[in-house]
Amino acid sequence: MRRVLCVGMMVCDTLLFPVPADVLERDSVSIQTPVTSCGGDALNVAMALSRLGAETAICGRVGQDKNGAYIQTACQEAKIDTSGITVSGRQSDSSHDLVPSGRWTAVYRAGGAVQKGQGGH
């Protein structure tokens, strides 16, 4: 069995759908209940490799917030070794993805969990 360490960004994605193509020009729209999901380059790869049966570990930083807790729980449920995750005092990185039919728009919020500085790498 292959052993893989994924290092990098872990993001908590919130999928908002369905939205009309002109959503950004409107005052408000109705959507279904938002769906929370994992994202970020390292986390996407770790999740995929774990599903394929690889022994997977992840190394990165999340914030001490509900998004960071979600990411850690999702990794543990996927049987990904989380011993390389550091929890910082900053917020986790997150994105809110607007999902209309045929197109995808992401609104990304850098929480600072992966930035240098206080509590940074």
Side-chain angles (χ1 to χ4, degrees):
M1 179 178 292
R2 300 284 182 191
R3 296 175 61 192
V4 180
L5 172 63
C6 298
V7 179
M9 185 173 269
M10 296 177 286
V11 178
C12 185
D13 294 333
T14 303
L15 307 177
L16 308 170
F17 62 92
V19 296
D22 63 347
V23 65
L24 298 178
E25 284 94 40
R26 295 187 182 202
D27 290 333
S28 66
V29 296
S30 295
I31 62 169
Q32 296 177 11
T33 302
V35 175
T36 304
S37 181
C38 291
D41 53 2
L43 187 50
N44 286 337
V45 171
M47 288 287 187
L49 290 173
S50 181
R51 285 187 199 114
L52 292 171
E55 186 178 335
T56 309
I58 191 157
C59 182
R61 189 176 300 265
V62 297
Q64 189 172 0
D65 54 19
K66 68 178 185 171
N67 291 338
Y70 175 83
I71 290 169
Q72 291 180 82
T73 298
C75 287
Q76 291 162 353
E77 289 174 355
K79 298 181 176 35
I80 296 170
D81 179 352
T82 60
S83 61
I85 293 179
T86 301
V87 179
S88 77
R90 296 175 178 234
Q91 291 182 326
S92 298
D93 292 325
S94 63
S95 74
H96 289 78
D97 302 320
L98 310 178
V99 187
S101 59
R103 195 177 93 194
W104 187 289
T105 301
V107 179
Y108 176 73
R109 181 192 173 285
V114 297
Q115 296 174 353
K116 287 192 176 193
Q118 296 179 5
H121 292 285

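These numbers come from the heavy atoms of this one structure, side chains and all, not from hydrogens, waters or symmetry mates.
Applying the under-4.5 Å side-chain rule to Ile, Leu, Val, Met, Phe, Trp and Tyr, the cluster around Val45 extends to Val4, Leu49.
Glu55 contributes atom CD, which lies 13.0 Å from atom NZ of Lys79 (distance to the nearest 0.5 angstrom). Rounded to the nearest 0.5 angstrom, Met47 CE and Thr56 OG1 are separated by 10.0 Å. Put simply, CD on Gln72 and CD1 on Ile85 are 5.0 Å apart, with the number rounded to the nearest 0.5 Å. With rounding to the nearest 0.5 angstrom, the CG atom of Leu5 is 11.5 Å from the CD1 atom of Ile80. To the nearest 0.5 Å, atom NZ of residue Lys66 and atom CD of residue Gln91 are 10.5 Å apart. Distance CD1/Ile58 to CG/Asp81: 10.5 Å, rounded to 0.5 Å.
Under a hydrophobic-cluster definition in which Ile, Leu, Val, Met, Phe, Trp and Tyr are linked whenever side-chain heavy atoms come within less than 4.5 Å, directly or via other members, Met9 and Val7 are assigned to different clusters.
Judged as a side chain to side chain donor-acceptor pair (under 3.5 Å), and not counting sequence neighbours, Ser30 has no contacts.
Looking only at distances, a side-chain donor or acceptor of Tyr70 sits under 3.5 Å from a matching main-chain atom of Thr36. For the pair Asp65 (side chain) and Ser92 (backbone), a donor-acceptor distance under 3.5 Å is present.
Put simply, the residue from Ser94, Ser95, Ser37 that forms a side chain to side chain donor-acceptor pair (under 3.5 Å) with Asp13 is Ser95. The only member of Thr82, Leu43, Val87, Asn67 that meets side-chain contact (heavy atoms from CB on, under 4.5 Å) when paired with Val62 is Val87.
Of all heavy-atom pairs between Ile71 and Cys12, the closest is CD1-N, 3.8 Å. Nearest heavy atoms, Gly39 versus Asn44: CA-OD1, 3.3 Å. Summarising the geometry of Met10 relative to Arg61, their closest heavy-atom pair is CE-N, 3.4 Å, with the distance given to 0.1 Å.
Side-chain atoms of Leu98 and Leu24, non-hydrogen and from C-beta on, do get closer than 4.5 Å to each other.
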